[in-house]
Amino acid sequence: MHLKVIGGLADVSQFVRFEEPFWRRRITDLTAGRVVAEIQPFDRSGIRGQEMLQLMRLGVVPFGTVILPIAATEEPELNAVDLPGLSPDIGTLRRTVDAFLPRLTQLLKERYGIELLGVYTYPAQVLFCARPFAGLGDLAGRRVRTSSVGQSELVQALGGTAVVIPFAEILPSLRAGVVECAITGTLSGHSIGLFEVTTHVHTMALSWGLSVFGANAATWAALPPPVQDTLRSGIRELEAQIWQAADRETGDGLACNAGQPGCTLGRRGAMTIVPVSAADADRRRRLLTEVVLPRWVDRCGPDCVEAWNVYLAPVFGIRARSD
């Protein structure tokens with residue numbers, strides 16, 4: 001059996017170290033040669049992120065990775081698990097995903113005919129700035145690179161000016177003074193050299209960048225049950241490895257941006273790490289309650305209010321309202 005797979009973003013650790021080796025080698029070993037797979041990274045496949053759900057529904061993409069912040073422009077409910085400010089650390093993110101997983105599974109199957117097989121996360125996305133700051137309250141008046149509607153709303157609520165800029169343009173935009181701060185991953189920010197143009201980095205995860213991996217339901221149903229079982233088991237193993245790496249690489253990125261002894265990536269910066277203060281923690285929860293959640297509800301509608309209140313309100317002690 002020959003499987004065609006669309007994976008996550010090219011050139012980042014998740015794809016290079018985990019997804020690609022799993023599909024090119026590991027799955028063949030696990031199935032004793034019964035399954036051979038080829039994989040392309042999502043951003044080199046010629047597919048727009050907003051189209052992935054529909055292409056998987058149609059079976060054009062039989063096995064694919066859906067990057068939730070991108071797909072959420074078409075299906076806002078998918079972003080419930082990674083709203084900006086929702087999960088300030090990976091432990092909270094894990095509890096969030098576990099709590100919402102039944103709804104996520106149901107939504108993908110009923111609306112798009114997708115069998116959910118795994119949920120992946122990238123390392124934490126944090127705030128880098130080119131001049132000193134002591135906490136989130138110091139963003140007022142600053143121009144900040146963002147990558148989603150939710151991040152932009154959070155920055156604006158803090159008094160900053162949000163500028164949506166693609167990842168590849170972050171470094172030149174900071175150098176040119178288009179923005180003076182940027183929200184991006186701790187490790188990806190290090191890999192593009194943000195420590196050369198910024199001075200301070202915050203430790204609070206403002207978002208993560210979750211993705212789901214699944215299969216077209218008809219394609220999945222056509223596989224022999226033993227192969228399904230082996231795939232599920234292997235993908236669970238892959239999922240665990242990706243989560244462990246995201247946690248580790250969040251810390252590695254901070255260590256290398258700051259030039260700490262724990263850095264093992266070669267290039268070391270000299271940035272100042274800004275810890276999360278009690279004021280930051282209070283401000284994050286207030287913004288989540290008063291800005292991020294209500295605006296997501298406005299985009300998403302009554303079904304999302306019900307989904308939040310059933311699955312996530314018990315976790316966070318915050319209820320959504322439709323008015």
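To the nearest 0.5 Å, atoms CG (Leu287) and CG (Leu86) are separated by 13.0 Å. With values rounded to the nearest 0.5 angstrom, Gln151 atom CD is found 7.0 Å from Leu206 atom CG. One distance of note links CG of Leu187 with CG of Leu254; it measures 9.5 Å at 0.5 Å rounding. For the atom pair Ile242 CD1 and Gln14 CD, the distance stands at 4.0 Å (nearest 0.5 Å). Rounded to the nearest 0.5 angstrom, Met204 CE and Arg284 CZ are separated by 6.0 Å. Atom-to-atom distance recorded for Leu68:CG and Ser148:OG is 12.0 Å, nearest 0.5 angstrom.
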Next on the checklist: One pair to check against side chain to side chain contact (heavy atoms under 4.5 Å, CB included): Val292 and Glu153. What are the steps and the verdict?
Outcome noted: CA-CA 7 Å; Val292 174; Glu153 290 172 346; 5.6 Å; no
Practice problem: List the steps and the verdict of side-chain hydrogen bond (donor to acceptor under 3.5 Å, both in side chains) for Thr146 and Ser152. | Solution: CA-CA 6 Å; Thr146 61; Ser152 297; 2.8 Å; yes
* Chi angles and distances behind the side chain to side chain contact (heavy atoms under 4.5 Å, CB included) call for Leu107, Tyr112 -> CA-CA 8 Å; Leu107 186 158; Tyr112 299 99; 4.1 Å; yes
So Glu180 and Arg145, salt bridge (Lys or Arg N to Asp or Glu O under 4.0 Å) or not? Walk me through it. CA-CA 8 Å; Glu180 61 178 297; Arg145 178 266 177 177; over 6 Å; no
* **Test log, rule side chain to side chain contact (heavy atoms under 4.5 Å, CB included), inputs Gln125 and Thr184** => CA-CA 5 Å; Gln125 296 186 17; Thr184 193; 5.7 Å; no
Mind running side chain to side chain contact (heavy atoms under 4.5 Å, CB included) on Val60 and Gln54 for me, showing each step along the way? CA-CA 9 Å; Val60 176; Gln54 294 298 342; over 6 Å; no
Salt bridge (Lys or Arg N to Asp or Glu O under 4.0 Å) evaluation trace for Glu239 with Arg232
CA-CA 10 Å; Glu239 180 185 64; Arg232 281 196 185 276; over 6 Å; no
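Nearest heavy-atom pair across Asn79 and Ala72 is CB-CB, 3.6 Å. Minimum heavy-atom separation, Val274 to Gly135: CG1-N, 4.3 Å. Across all their heavy atoms, Val61 and Asn216 have their closest contact at O-CB, 4.3 Å. Nearest approach of Arg142 to Asp138, heavy atoms of both residues: NE-O, 3.1 Å. Nearest heavy atom pair, residue Leu78 against residue Leu108, reads CD2-CD2, 4.2 Å. For the pair Val297 and Ala320, the tightest heavy-atom approach, listed with the atom from each and the gap, is CG2-CB, 4.1 Å.
Under a 3.5 Å cut-off, the side chain of Arg24 and the backbone N or O of Ala37 do not form any donor-acceptor pair. For the pair Trp208 (side chain) and Val81 (backbone), a donor-acceptor distance under 3.5 Å is absent. Listed for the Arg267 side chain is a donor-acceptor partner under 3.5 Å among the backbone atoms of Ser191. Remark: side-chain polar atoms of Ser233 are not paired, donor with acceptor, to backbone N or O of Thr230 under 3.5 angstrom. Proximity of a side-chain donor or acceptor of Asp280 to a complementary backbone N or O of Leu136 within less than 3.5 Å is detected. Side-chain atoms of Ser173 come within 3.5 Å of backbone N or O of Glu169 as a donor-acceptor pair. The backbone N or O of Thr186 sits less than 3.5 Å from a side-chain atom of Asn257, completing a donor-acceptor pair.
Legend: side chain to side chain donor-acceptor pair (under 3.5 Å) pairs involving residues 25-35, not counting sequence neighbours, sorted by first then second residue: Arg26-Glu237.
Within the cation-pi definition used here (under 6.0 Å to the ring centroid, within 45° of the axis), Arg319 does not qualify as a partner of Trp308.
Ring orientation note: the planes of Phe133 and His202 are tilted relative to one another, at an angle of 30° to 60°.
Under the 4.5 Å side-chain criterion, counting only non-hydrogen atoms from C-beta, Lys109 is not in contact with Ile114. Within the 4.5 Å cutoff, no side-chain heavy atoms of Ile183 are placed close to those of Leu154. Looking only at side-chain heavy atoms (C-beta outward), Val149 and Val164 stay at 4.5 Å or farther from each other. Considering only heavy atoms from C-beta on, Val201 stays 4.5 Å or farther from Thr272 through its side chain. A 4.5 Å side-chain heavy-atom check between Val197 and Leu171 finds at least one atom pair inside the cut-off. Considering only heavy atoms from C-beta on, Phe128 stays 4.5 Å or farther from Cys181 through its side chain.
Ion pair Glu77/Arg299 not flagged as a salt bridge, since none of the NZ, NE, NH1 or NH2 atoms sits closer than 4.0 Å to an Asp/Glu carboxylate oxygen. Taking a cutoff of 4.0 Å between a charged side-chain nitrogen and a carboxylate oxygen, Glu249 and Arg17 qualify as a salt bridge. Between Glu51 and Arg48, at least one side-chain nitrogen of the basic residue sits less than 4.0 Å from a carboxylate oxygen of the acidic one, meeting the salt-bridge criterion. A salt bridge is defined here as a Lys NZ or Arg NE, NH1 or NH2 lying under 4.0 Å from an Asp or Glu carboxylate O, and Asp98 with Arg94 meets this definition.
Here the two rings, on His190 and Phe195, have centers that are under 6.0 Å apart.
The ring-ring contact (aromatic ring centres under 6.0 Å, His included) with Phe213 is formed by just one residue from the set Trp220, Phe22, Trp23; it is Trp23. Between Leu83 and the options Leu293, Leu312, Thr96, a side chain to side chain contact (heavy atoms under 4.5 Å, CB included) holds for only Leu293.
Neither side chain, Glu19 nor Tyr120, offers a donor N or O lying under 3.5 Å from an acceptor on the other. Of the N and O atoms on the side chains of Thr92 and Arg95, at least one donor lies less than 3.5 Å from an acceptor on the other residue.
In the displayed structure, Glu306 atom CD is contacted under 6.0 Å by at most 12 heavy atoms of other residues, nucleotides or ligands.
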Can you give each donor-acceptor pair under 3.5 Å made by side-chain atoms of residues 2-12, sequence neighbours left out, with the distance rounded to 0.1 Å?
| unit_1 | atom_1 | unit_2 | atom_2 | d |
| --- | --- | --- | --- | --- |
| His2 | NE2 | Glu38 | OE2 | 3.1 |
| Asp11 | OD1 | Arg44 | NH2 | 3.4 |
| Asp11 | OD2 | Arg44 | NH2 | 2.4 |

